[in-house]
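Reviewing the structure listed below.
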Amino acid sequence: MEDLTAKEVAAMLNELADLMEIKGDNPFRIRAYQNAARAITGQSEKLIDIVKDGRLQDIKGVGEGLAGIITEIFETGTSSQLEELKRELPAGISELLNIPGLGPKRAHQLYYELEINNIDDLKLALKENQVQTLKGFGPKTENNLLEALLEYENYQGLMTIGRADKLAKRLEEYFKESDGLWKQMSFAGSLRRRKELVKDIDMIFVPAEDKLEELKDTIKNYPESEKIELAGDTKITLQLENGIKVDFRLLEEESYPFAQQHFTGSKEHNVVIRRIAKEAGYISNEYGLFDRETDEKVTRINTEADLYEFLGLSYIIPELREDKGEIEAASENKLPESVELADIKGELHLHTRYSDGACTIEEMVEAAIAQGYEYIAVTDHSESLRIASGLTVEDLEEQAKEIAEVQKKYPDFKILSGIEVDILSDNNLDFSDEVLEKLDLVIGSIHSGFTQSEAEINERIITAMENPNVDIIAHPRGRLLGKREAYPVDMDKIIKEAARTGTALEINASPSRLDLDDHYAKKAKEADVKISINTDAHHTRELKDMELGVSVARRGWLEKDDIINTMNSDQLIDYLNK
DNA sequence: GCCGTTTTCGGCCCGACTGTTTTCAGTCG
């Protein structure tokens, strides 16, 4: 039996689906493959265990056929169907589908009529005007595809939610200057669902009376826009620098709640919502909910919550709308009571000038108080992390004195003395137990030895968790979003051991980390592992990143009680002393 | 290929925009 993750198997099923699409297979069959790919990644159990027990068909979306394919992948490392398609279609062809405006039908034509089987071939053919000779293509399509291809080569990534938030803020400020032109304005899409990586930004507007045209012009004149991608009656797409797109939808006021729901997505969530509406005898779209017989609009829906209620569901927060079990839970009234930003009572991971932070202890305290917190833990780096001027034992004693001084000035606020201690490559911690014992809070983390094997890194983390002084493991996977992959680590094992040793795992809220992510945060909850949401702030302003960490927690179905820094300071101190 | 309080067949979400057509196909979200 091959050792594969659900994600790896899902990638194979999606590749199968892509190739089947290009070949021209039955679209419903293709969707079944895509659904199954998503369904297996949404499982909390390890996929290999489900396969071993022969329980694949218990997963909704996996029937006899796909269970066979998935089992075959585990037994042989691949699928004979996939291998056959790969023999039939060249390797680079599925990448063509990544170019905006180029879907399976056109890829099919390009391959079978012009023998184009990769991006480079396509670029050449477009430049030599061969593509416009195909049926259904013309000079405009050819030109659009060439532009899209060049953009794709230039920018093919997703932006982090942190970056998207900054763009969104500038958009919001721009449109607030012309607030007479609209009655409603909101963001939707994956930005509103708070996904860690966002492809584009979606905005919804209800224009003020007689201001539709003026609003459209204002949108088109957005100063950061490099190109108007498309502009219709109700929809405008702008392209900003680096190929980032912003979609605008303009609707009547009575459509607003439906549009919010519709454009927030996800697509998969909406497919199920519309099916439920259909089964109840309605058509659901961005304009309203309509009786299938009479075409009459349901008038008593004024908010998104009304819409969910009408369909027999409790309100589903945007962060959960991924069709990963939330609709079933909503129909049974079993949704989590999602943690909120206001539940967070303190910050347990931050840096000061003692190591690589930019601010003093007192400045961090002031900022935390301004944010409504009851406590912080000062957790600078330990000695061996020289790049971040890690503290020696003497520095740590020095710092303890300063903490005591500042504590006197702020009697109603609790300052915990802590450390972010390096878990060294030889499994040892950077400080002795004698040093660690004296501290209120110890965070263990890996900042070196990323090239070690998975077994070695597992062992490092597990050894650290077995040390009774270690309270939290920081950024457990070590990834930097869009920059560095996670080091090899078996998170299922780490979560199991965290439960056994009573160690909390961190959701690192820094926009470049978001580690744990929503997926593993959910798994941790299901294993009864406590979570600490920490910003790892190196500056007072970074304490505000907490919102991103809370979003990850909300996407991971976490509730207040799953998170240690929702406790008040007395409860937290009790918890840490246990 | 999956699914079932219309259950073993016959469905499978819905609409906007563009470019290509002359009533629509393809793509996207």
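Letters A, B, ... are given to chains in the order of the sequence lines, protein chains preceding strands, and every chain is numbered from 1.
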Problem set entry | Base paired to B/dG10 (Watson-Crick or G-U; both N/O distances under 3.5 angstrom) | B/dC3

Seminar exercise, completed: Of the candidates B/dC17, B/dC13, B/dG1, the side chain of A/D233 sits closest to B/dC17

For this session: Quick one: list whatever passes side chain to side chain donor-acceptor pair (under 3.5 Å) with A/R292, sequence neighbours left out.
Result: none

Exercise. In whole Å, what is the span from the NZ atom of A/K140 to the P atom of B/dT21?
Worked result: 13 Å

Exercise. Looking across every strand, which nucleic acid part, if any, lies under 4.0 Å from A/R292 by heavy atom: base, sugar-phosphate, or nothing?
Worked result: sugar-phosphate

For this session: Establish, with yes or no, whether the OP1 or OP2 oxygen of B/dC17 is under 4.0 angstrom from a side-chain nitrogen or oxygen of A/T234.
Result: yes

Seminar exercise, completed: Of A/Y33 and A/E229, the one whose nearest nucleotide on DNA chain B sits closer to the 5' end is A/Y33

For this session: Applying salt bridge (charged side-chain N to carboxylate O under 4.0 Å, His left out), name anything that partners A/K23, two or more places apart in sequence or on another chain.
Result: A/E88

Seminar exercise, completed: note: A/I276, atom CD1; B/dC12, atom C1'; distance rounded to Å ~ 15 Å

Exercise. Are the side chains of A/I317 and A/L335 in touch, meaning some heavy atoms are under 4.5 Å apart?
Worked result: no

Exercise. At under 4.0 Å between heavy atoms, what does A/A231 touch on the DNA or RNA strands: base, sugar-phosphate, or nothing?
Worked result: sugar-phosphate

Problem set entry | Aromatic ring proximity A/Y222/A/F248, centre distance under 6.0 Å | no

Problem set entry | Reported CE-to-CD1 distance for the pair A/M159 and A/I201, which is rounded to 0.5 angstrom | 4.5 Å

For this session: Output yes when at least one side-chain N/O atom of A/S284 is less than 4.0 Å from OP1 or OP2 of B/dC13, else no.
Result: no

Exercise. Looking only at side-chain N and O atoms, does A/N144 come under 4.0 Å of OP1 or OP2 in B/dG19?
Worked result: yes

Exercise. Using a cut-off of less than 4.0 Å, is there contact between a side-chain N or O of A/N285 and OP1 or OP2 of B/dG15?
Worked result: yes

For this session: Hey, which sits more toward the 5' end of DNA chain B by its nearest nucleotide, A/R29 or A/L134?
Result: A/R29

Which protein N or O atoms sit under 3.5 Å from an N or O of nucleotides 3-5 of chain B?
unit_1	atom_1	unit_2	atom_2	d
B/dC3	OP1	A/G61	N	2.5

Exercise. What distance, rounded to whole Å, do you find between the two C1' atoms, one in B/dA16 and one in B/dC9?
Worked result: 34 Å

Exercise. Is there a donor-acceptor pair closer than 3.5 Å between any side-chain N or O of A/E304 and the backbone N or O of A/Q261?
Worked result: yes

Exercise. If we take the P atom in both B/dT20 and B/dC14, what is their distance in whole Å?
Worked result: 30 Å

Exercise. When rounded to the nearest Å, what value does the distance between P atoms of B/dT27 and B/dT21 take?
Worked result: 15 Å

Exercise. Would you say the side chain of A/K195 lies within less than 4.5 Å of the side chain of A/R555, judging by non-hydrogen atoms?
Worked result: yes

Exercise. Which of these nucleotides, B/dA16, B/dC14, B/dG1, is closest to any side-chain atom of A/I283?
Worked result: B/dC14

Problem set entry | Per-nucleotide protein contact string for nucleotides 24-29 of chain B (B base, S sugar-phosphate only, - none; heavy atom under 4.0 Å) | --SSSS

For this session: Nearest whole angstrom, please: distance from the P of B/dC14 to the CZ of A/R31.
Result: 10 Å

For this session: Would you please name every residue forming a salt bridge (charged side-chain N to carboxylate O under 4.0 Å, His left out) with A/E147, sequence neighbours left out?
Result: A/K227

Exercise. Rounded to whole angstrom units, what separation is found between the CG atom of A/D25 and the C1' atom of B/dG1?
Worked result: 10 Å

Exercise. Distance only, no hydrogens: is a donor on one side chain within 3.5 Å (strictly under) of an acceptor on the other, for A/T141 and A/N144?
Worked result: no

For this session: Take the protein atom CG of A/N26 and the nucleotide atom C1' of B/dC2, then report the distance between them rounded to whole Å.
Result: 11 Å

For this session: Take atom P in B/dT5 and the same atom in B/dG1, then report the distance between them in whole Å.
Result: 23 Å

Exercise. How far, in whole Å, is B/dT8 from B/dC3 if one measures between their P atoms?
Worked result: 16 Å

Just distance, no hydrogens or angles: give the donor-acceptor pairs under 3.5 Å from side chains in residues 38-52 of chain A, sequence neighbours left out.
unit_1	atom_1	unit_2	atom_2	d
A/R38	NH1	A/D323	O	3.4
A/R38	NH1	A/D323	OD2	3.1
A/R38	NH2	A/N35	OD1	3.1
A/T41	OG1	A/R38	O	2.8
A/Q43	NE2	A/A39	O	3.2
A/S44	OG	A/E526	OE1	3.2
A/E45	OE1	A/R55	NH1	3.3
A/E45	OE2	A/R55	NH2	2.8

Exercise. Do any side-chain nitrogens or oxygens of A/Y287 fall under 4.0 Å of OP1 or OP2 in B/dA16?
Worked result: yes

For this session: Please state the C1' separation for the pair B/dC13 and B/dC28 - nearest whole angstrom.
Result: 14 Å

Exercise. Say you pick atom P in B/dC2 and the same atom in B/dT6; how far apart are they, in whole Å?
Worked result: 23 Å

For this session: Measure the distance from NZ on A/K278 to P on B/dG11 and round it to the nearest whole Å.
Result: 10 Å

Problem set entry | N/O donor-acceptor pair under 3.5 Å between A/N118 side chain and A/D121 backbone | yes

For this session: Measure from NZ or CZ of A/R106 to the centre of the six-membered ring of A/F137, then state whether that distance is under 6.0 Å and the direction lies within 45° of the axis.
Result: yes

For this session: Round to a whole Å and report the spacing from NZ of A/K216 to C1' of B/dA16.
Result: 12 Å

Exercise. Of the candidate nucleotides B/dT20, B/dG1, B/dC17, which contains the atom at the shortest distance from the side chain of A/T141?
Worked result: B/dT20

For this session: Quickly work out the A/I40 CD1 to B/dG1 P distance and round it to whole Å.
Result: 16 Å

